[in-house]
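First the structure, in the form of structure tokens, and then the observations on it.
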Amino acid sequence: MARPRQHAPDALHAQVMKACDDWLAVQSVHDLSLRALAREVGCAPSTLLKLYGSFNNLLQHVNVETLAGLKQTITSLSADAPEPWLRSLAHAYWHFAEQDCYRWKLLFDYPLAQEGELDQRQSHLIEALFTQVESALKEYQPTLDDLEARRLGRTLWGSVHGLVQLGLNERLGYWQGQQLKVDELLDQLVSTVLAGLRRREPAS
């Protein structure tokens with residue numbers, strides 16, 4: 001039996017997000033279309049265009065949910081000292097991407113929103129992640145000023161992200177016939193960065 005084509009906006013949005021969840025659990029967004037989503041939730045494609053404005057905007061709502069899920073994952077980490085917390089964060093990011101790779105890739109396959117409420121929501125979630133990293137680095141090395149912590153936080157996280165992306169694509173290489181493991185490389189990265197911070201000379 002066909003599903004009814006009349007939906008309240010909130011109910012329809014929840015159905016669309018659920019349909020996207022189901023799709024991204026098993027395949028890439030590149031094979032998804034507005035028409036396929038409309039068929040899945042039982043409405044016309046024009047109804048989704050009226051609700052979201054464009055297919056890209058619809059995908060940005062999925063990205064907001066992904067960022068919120070990542071934030072929840074980070075929030076659930078135990079409030080350890082800076083070093084174990086940064087290690088846990090790097091591993092959590094890797095496992096988040098590994099377990100939900102198509103959803104994670106969507107964050108980077110399409111540009112994030114550039115204006116409006118979606119841009120503000122995405123920017124807030126991303127900035128919250130960086131702020132936590134910067135705070136941990138400053139706690140670990142109190143001589144860091146705000147600008148240094150900001151730069152180092154982004155440098156560290158850019159490196160974590162690069163290892164995660166290479167790991168997902170199996171491009172990290174081999175040692176003695178065994179593929180290099182992302183978890184081990186993440187530990188080495190965090191250790192190297194923090195060792196450098198530990199040896200930092202106090203500002204004159």
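In this text the structure is predicted, and so the values were computed from the model without any measurement.
Under the salt bridge (charged side-chain N to carboxylate O under 4.0 Å, His left out) criterion, Arg87 pairs with Glu83, Asp187, sequence neighbours left out. Judged as a side chain to side chain contact (heavy atoms under 4.5 Å, CB included), and not counting sequence neighbours, the contacts of Thr66 are Val62, Phe96, Arg103, Leu107. Here Phe108 pairs with Trp104, His161 under the ring-ring contact (aromatic ring centres under 6.0 Å, His included) rule; sequence neighbours left out. Every residue was checked against the salt bridge (charged side-chain N to carboxylate O under 4.0 Å, His left out) condition with Asp10, not counting sequence neighbours, and none meets it. For Lys71, the salt bridge (charged side-chain N to carboxylate O under 4.0 Å, His left out) test picks out no residue, with sequence neighbours left out. Applying the ring-ring contact (aromatic ring centres under 6.0 Å, His included) rule to Tyr52 yields the partners His13, His61; only residues at least two apart in sequence or on another chain are considered. For Lys105, there are no salt bridge (charged side-chain N to carboxylate O under 4.0 Å, His left out) partners two or more places apart in sequence or in a different chain. Partners of Gln132 according to the side chain to side chain donor-acceptor pair (under 3.5 Å) rule, which considers only residues two or more places apart in sequence or in another chain, do not exist here. Applying the ring-ring contact (aromatic ring centres under 6.0 Å, His included) criterion to Trp157, with sequence neighbours excluded, gives Tyr93.
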Show me the side-chain donor-acceptor pairs of residues 27-38 shorter than 3.5 Å, one per line, residues at least two apart or across chains.
unit_1, atom_1, unit_2, atom_2, d
Ser28, OG, His30, N, 3.0
His30, NE2, Asp109, OD2, 3.2
Ser33, OG, Ala36, N, 3.0

Please set out all donor-acceptor pairs under 3.5 angstrom arising from side-chain atoms of residues 176-184, sequence neighbours excluded.
unit_1, atom_1, unit_2, atom_2, d
Asp183, OD1, His91, ND1, 2.6
Asp183, OD1, His95, NE2, 3.4

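Residues Leu156 and Leu189 meet the side-chain proximity criterion, which asks for heavy atoms closer than 4.5 Å. Side-chain contact between Val160 and Leu89 is absent, with no heavy atoms from C-beta onward closer than 4.5 Å. Taking 4.5 Å as the limit, every side-chain heavy atom of Val41 sits out of range of all side-chain heavy atoms of Thr47. Residues Gln141 and Arg198 have side chains not in contact (no heavy-atom distance under 4.5 Å, counting atoms from C-beta outward). In this structure, the side chains of Leu48 and Cys43 come closer than 4.5 Å at one or more pairs of heavy atoms. Side-chain contact between Leu106 and Tyr102: absent, with no pair of heavy atoms (C-beta onward) separated by less than 4.5 Å.
Atom-to-atom distance recorded for Asn63:CG and Asn57:CG is 11.0 Å, nearest 0.5 angstrom. Atoms CG and CG, on Leu49 and Leu58 in that order, are 9.0 Å from each other to the nearest 0.5 Å. Taking OG1 of Thr131 as the reference point, atom CD1 of Ile126 lies at 11.5 Å (rounded to 0.5 Å). Taken from CG in Leu144 to CD in Glu139, the straight-line distance is 12.0 Å, to the nearest 0.5 Å. From Leu172, atom CG reaches atom CD of Glu170 across 9.5 Å, with rounding to the nearest 0.5 Å. Taking CD of Gln99 as the start and OG1 of Thr73 as the end, the distance is 9.0 Å to the nearest 0.5 Å.
Under the 4.5 Å side-chain heavy-atom criterion for Ile, Leu, Val, Met, Phe, Trp and Tyr, Leu186 and Trp175 are members of the same hydrophobic cluster.
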Can you check side-chain contact (heavy atoms from CB on, under 4.5 Å) on Leu129 and Leu67, steps first, answer last? CA-CA 10 Å; Leu129 167 62; Leu67 289 168; over 6 Å; no
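Applying the salt bridge (charged side-chain N to carboxylate O under 4.0 Å, His left out) test to every pair with at least one member in residues 151-161, sequence neighbours left out, gives these pairs: Glu127-Arg154, Glu134-Arg154.
Lys138 has a carboxylate O that lies under 4.0 Å from a charged side-chain N of Asp146, or vice versa, which qualifies the two as a salt bridge.
Of all the heavy atoms in Ala92 and Leu77, the pair that sits closest is CB-CD2, 4.2 Å. The minimum heavy-atom distance linking Leu24 with Asp100 is given by the pair O-OD1, 4.2 Å.
Not one N or O on the side chain of Arg171 forms a donor-acceptor pair closer than 3.5 Å with the backbone of Gly167. The backbone N or O of Leu147 sits less than 3.5 Å from a side-chain atom of Asp145, completing a donor-acceptor pair.
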